[in-house]
Amino acid sequence: MGLNLSNRQIAHELGLNEDDAQDMTRSLRQGVVDASTTPTLAGTVEIDEVYLIAGHKGQSDLVKKNPVLDVDGD
């Protein structure tokens, strides 16, 4: 079995009921969360690139850049 399987796929692979597979995976995932520790960060952090995207879901016309204004006022 691979790591990226749905509960349904796991149930099918192991010959279990889907609810039982879900209970098992919930327990396993919670165990991973409980065992993991939050790293302590310190020192300088370097950021190479940052991409910020703003939009209005499906309404890209609302966030298009304004046309460059004519400096001479023409």
Side-chain angles (χ1 to χ4, degrees):
M1 285 195 299
L3 294 175
N4 295 320
L5 294 176
S6 69
N7 291 337
R8 178 177 289 159
Q9 290 170 313
I10 292 170
H12 178 71
E13 185 76 23
L14 298 177
L16 298 172
N17 179 299
E18 286 183 33
D19 293 335
D20 294 337
Q22 182 174 355
D23 290 340
M24 287 177 24
T25 56
R26 184 181 301 122
S27 295
L28 290 170
R29 289 182 183 118
Q30 189 60 48
V32 169
V33 169
D34 292 344
S36 65
T37 59
T38 303
T40 302
L41 304 177
T44 304
V45 176
E46 180 181 334
I47 299 174
D48 292 333
E49 298 175 9
V50 176
Y51 294 97
L52 298 176
I53 300 173
H56 297 271
K57 295 181 181 177
Q59 299 176 14
S60 59
D61 291 339
L62 296 176
V63 293
K64 285 185 179 176
K65 292 185 179 181
N66 291 333
V68 179
L69 297 175
D70 187 4
V71 178
D72 296 331
D74 294 332

**Nearest heavy atoms of Asn4 and Gln9, plus distance in Å** = O-OE1, 4.2 Å
**Prompt:** Quick one: OG on Ser6 to NE2 on His12, what's the gap to the nearest 0.5 Å?
**Reply:** 10.5 Å
**Request:** List the steps, then state whether side chain to side chain contact (heavy atoms under 4.5 Å, CB included) holds for Val32 with Arg29.
**Result:** CA-CA 5 Å; Val32 169; Arg29 289 182 183 118; 5.7 Å; no
**Request:** Please name the pair of heavy atoms, one in Asn7 and one in Ala21, separated by the smallest distance, quoted to 0.1 Å.
**Result:** O-CB, 3.6 Å
**Prompt:** So, for Asp48 and Glu46, which heavy atoms are closest and what is the spacing to 0.1 Å?
**Reply:** OD1-OE2, 3.1 Å
